[in-house]
Number of protein chains: 2
Amino acid sequence: MNQIICTVDVALLTLAEDGLKVGLLRREREPFKSVAALPGGYIHQESDNDARDAARRVLMDKAGIDPPYLEQLATFSGPARDPRGWSVSIAYYALVPAQLLEQAGERGMTLASADHPPQLPFDHRAIVAAAVARLRSKSQYSSLPCHLAGETFTLPQLQKVYETLMNEPLNKVSFRRKMTEMDMLDPVEGRLESAGAHRPAQVYRLKAAFRDELQLLERGL
Amino acid sequence: MNQIICTVDVALLTLAEDGLKVGLLRREREPFKSVAALPGGYIHQESDNDARDAARRVLMDKAGIDPPYLEQLATFSGPARDPRGWSVSIAYYALVPAQLLEQAGERGMTLASADHPPQLPFDHRAIVAAAVARLRSKSQYSSLPCHLAGETFTLPQLQKVYETLMNEPLNKVSFRRKMTEMDMLDPVEGRLESAGAHRPAQVYRLKAAFRDELQLLERGL
DNA sequence: TGAATAGTGTCTGTAAGACAATATTCC
DNA sequence: GGAATATTGTCTTACAGACACTATTCA
């Protein structure tokens, strides 16, 4: 009997100077051997305790990345998305600060625009589009973007992250009021200077309670 | 080689007098034969064009229901959730007005509390919990609850639906302002009287554009 | 006419955005 | 001191909720 192919794929998202990026790797095997695609692979029944485990394993094995934020996105399925036959891909998306991706660059990972990705095999463009939509949607009313800002960051930096994701300028006073209200940041001793001759900004880090769990806002922004 | 089991399960949600309900069917086969569970079944590679098709087919075949709203919820997976072995269940949730479920009652469907479901096989309780959480979350800021109100409904009826889902009373004036702002309802000619001696309410129906697509609110409620 | 609920007008408090003043750093 | 950006204070505007009034039906 013809069996359904069960895989996981991960849209690894990060924020670069020129916008939101998705990480791609050249495929090591057929189909689409040596074509750039989302990191993905078969579920291993012996070693994976669930699909999330499989996604983590794939990221670690193929890119050397242990993502600080990983969430199930959606499952893509059908007879035509994979030339090998009827397939199911449980898709995840991960958020990684730009710094962390540098290591992965050495392992062959390249970054492509997440908003206008190049041609990709399978239905990976649909997966990327869904990941970007999910990220943008959740950015409206949650702490999700913090995971793109890195381990520590200043409020002006974090505001720029939100602004890039939401694609609109935010009111500085309102933004700070919201961040205070969310009560999810811890100030880090010492401060940080930016480009130079001006007042340095306070450095913050996400409170431990919000590393794995999102903080939601009642009214958005 | 041991193959992964690929199934779909559907949490069929409806609103009764005493709260949110989930539809259960007695299983026709092993495992858990004749135990009440969510409607579900194998993906059929020959006939299903994707997992959503499988979910529709399962609902139609086993309950005779063509749900007005059906959305992918999440995928549950692991070696232990199904005694047959490592399995993947692509879970969906469907919203059905109470009226529509009456037909299904004749086909053996029973309703259980969705908030406090009885013991269920597999990880069906987790699926129900996820479906309820998703519904409640989306009710805050979208037109989703309309699909529980039936084909046509009055604004007071719709407000009660929202109130039940959100588990809090809503301001009448604000609620109506929001509904007007969302601009998703068409008034139906004629009116409707409720329990009797008082002014009848205008009957509305969802505009066609919002039958399959949700309308989202900027600020919630 | 009275009871009951539908639908609307209006006031008030709260929260978001605009604007601007103050703070702190490097040169 | 001057430039530049961080941070905070305050005013204005928009919107959500409270309250109350009008509308419409049935008995």
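Naming convention: chains lettered A, B, ... in sequence-line order (proteins, then strands); numbering from 1 in each chain.
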Visitor: Go through it in stages, so that I can follow the logic: the residues are B:L15 and B:K160, the test is side chain to side chain contact (heavy atoms under 4.5 Å, CB included), and I'd like the CA-CA distance, side-chain angles, deciding distance and then a yes or no.
Guide: CA-CA 11 Å; B:L15 212 44; B:K160 281 192 192 69; over 6 Å; no

Visitor: Please say whether more than 12 non-hydrogen atoms of neighbouring residues, nucleotides or ligands are located less than 6.0 Å from CZ in B:R26.
Guide: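 Not buried by this count: 12 neighbours or fewer within 6.0 Å.
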
Visitor: Rounding to an integer number of Å, can you tell me how far A:L170 CG sits from C:dG17 P?
Guide: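 Atom-to-atom, A:L170 to C:dG17, this comes out as 8 Å.
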
Visitor: When the distance from CZ of B:R219 to C1' of D:dT13 is rounded to whole Å, what number comes out?
Guide: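 Distance, rounded to whole Å: 12 Å.
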
Visitor: Distance check needed: D:dT7 C1' versus A:Q159 CD, whole Å only.
Guide: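 It works out to 12 Å between those atoms.
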
Visitor: Could you tell me if B:E71 and B:Y69 have a donor-acceptor pair between their side chains, going purely by distance under 3.5 Å?
Guide: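 Yes, B:E71 and B:Y69 have a side-chain donor paired with an acceptor closer than 3.5 Å.
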
Visitor: Go through the steps for A:D183 and A:K207 under the test salt bridge (charged side-chain N to carboxylate O under 4.0 Å, His left out), then give the verdict.
Guide: CA-CA 9 Å; A:D183 190 32; A:K207 284 185 179 177; 2.9 Å; yes

Visitor: Between A:L165 and A:L144, is there a side-chain heavy-atom distance shorter than 4.5 Å?
Guide: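 Result no, sub-4.5 Å side-chain heavy-atom pair not found.
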
Visitor: Once you round it to whole Å, what is the distance between P of C:dC19 and CZ of A:F175?
Guide: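 The answer, rounded to whole Å, is 20 Å.
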
Visitor: Rounded to the Å, how far apart are B:E218 CD and C:dA15 P?
Guide: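 Distance check: B:E218 CD to C:dA15 P gives 18 Å.
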
Visitor: Rounded to the nearest angstrom, tell me the gap between atom CD in A:Q157 and atom C1' in D:dT5.
Guide: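 Rounding to the nearest Å, CD of A:Q157 and C1' of D:dT5 are 13 Å apart.
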
Visitor: Let me see the working for A:R219 and A:K178 under side chain to side chain contact (heavy atoms under 4.5 Å, CB included), right down to the final yes or no.
Guide: CA-CA 10 Å; A:R219 292 183 203 278; A:K178 287 290 185 188; 4.0 Å; yes

Visitor: Would you indicate what B:K172 reaches in the nucleic acid, counting non-hydrogen atoms under 4.0 angstrom: base, sugar-phosphate, or nothing?
Guide: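 Base, at least one base heavy atom under 4.0 Å.
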
Visitor: Whole angstrom is fine here: how far is it from CE in B:M182 over to P in D:dA16?
Guide: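 To the nearest whole Å, that distance equals 12 Å.
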
Visitor: Could you tell me the separation between the OH atom of A:Y141 and the P atom of C:dA16, rounded to a whole number of Å?
Guide: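 Between P of C:dA16 and OH of A:Y141: 17 Å.
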
Visitor: So does B:N171 reach the base of D:dA18 with its side chain, donor to acceptor, closer than 3.5 Å?
Guide: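 Pair found.
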
Visitor: Is there side-chain contact between A:D53 and A:I43, with heavy atoms separated by less than 4.5 Å?
Guide: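 They are not in contact (no side-chain heavy atoms under 4.5 Å apart), so the answer is no.
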
Visitor: Distances under 3.5 Å only, N/O to N/O: pair up the protein atoms with those of nucleotides 25-27 of chain D.
Guide:
residue	atom	partner	partner atom	Å
D:dT25	O2	B:H198	N	3.0

Visitor: Which is more 5' along DNA chain D, the nucleotide nearest A:R177 or the one nearest A:Q202? Just name the residue.
Guide: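 This one resolves to A:Q202.
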
Visitor: Pick the nucleotide of DNA chain C nearest each of B:A201 and A:K178; which residue has the one closer to the 5' end?
Guide: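 Whichever sits nearer the 5' end wins; that is B:A201.
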
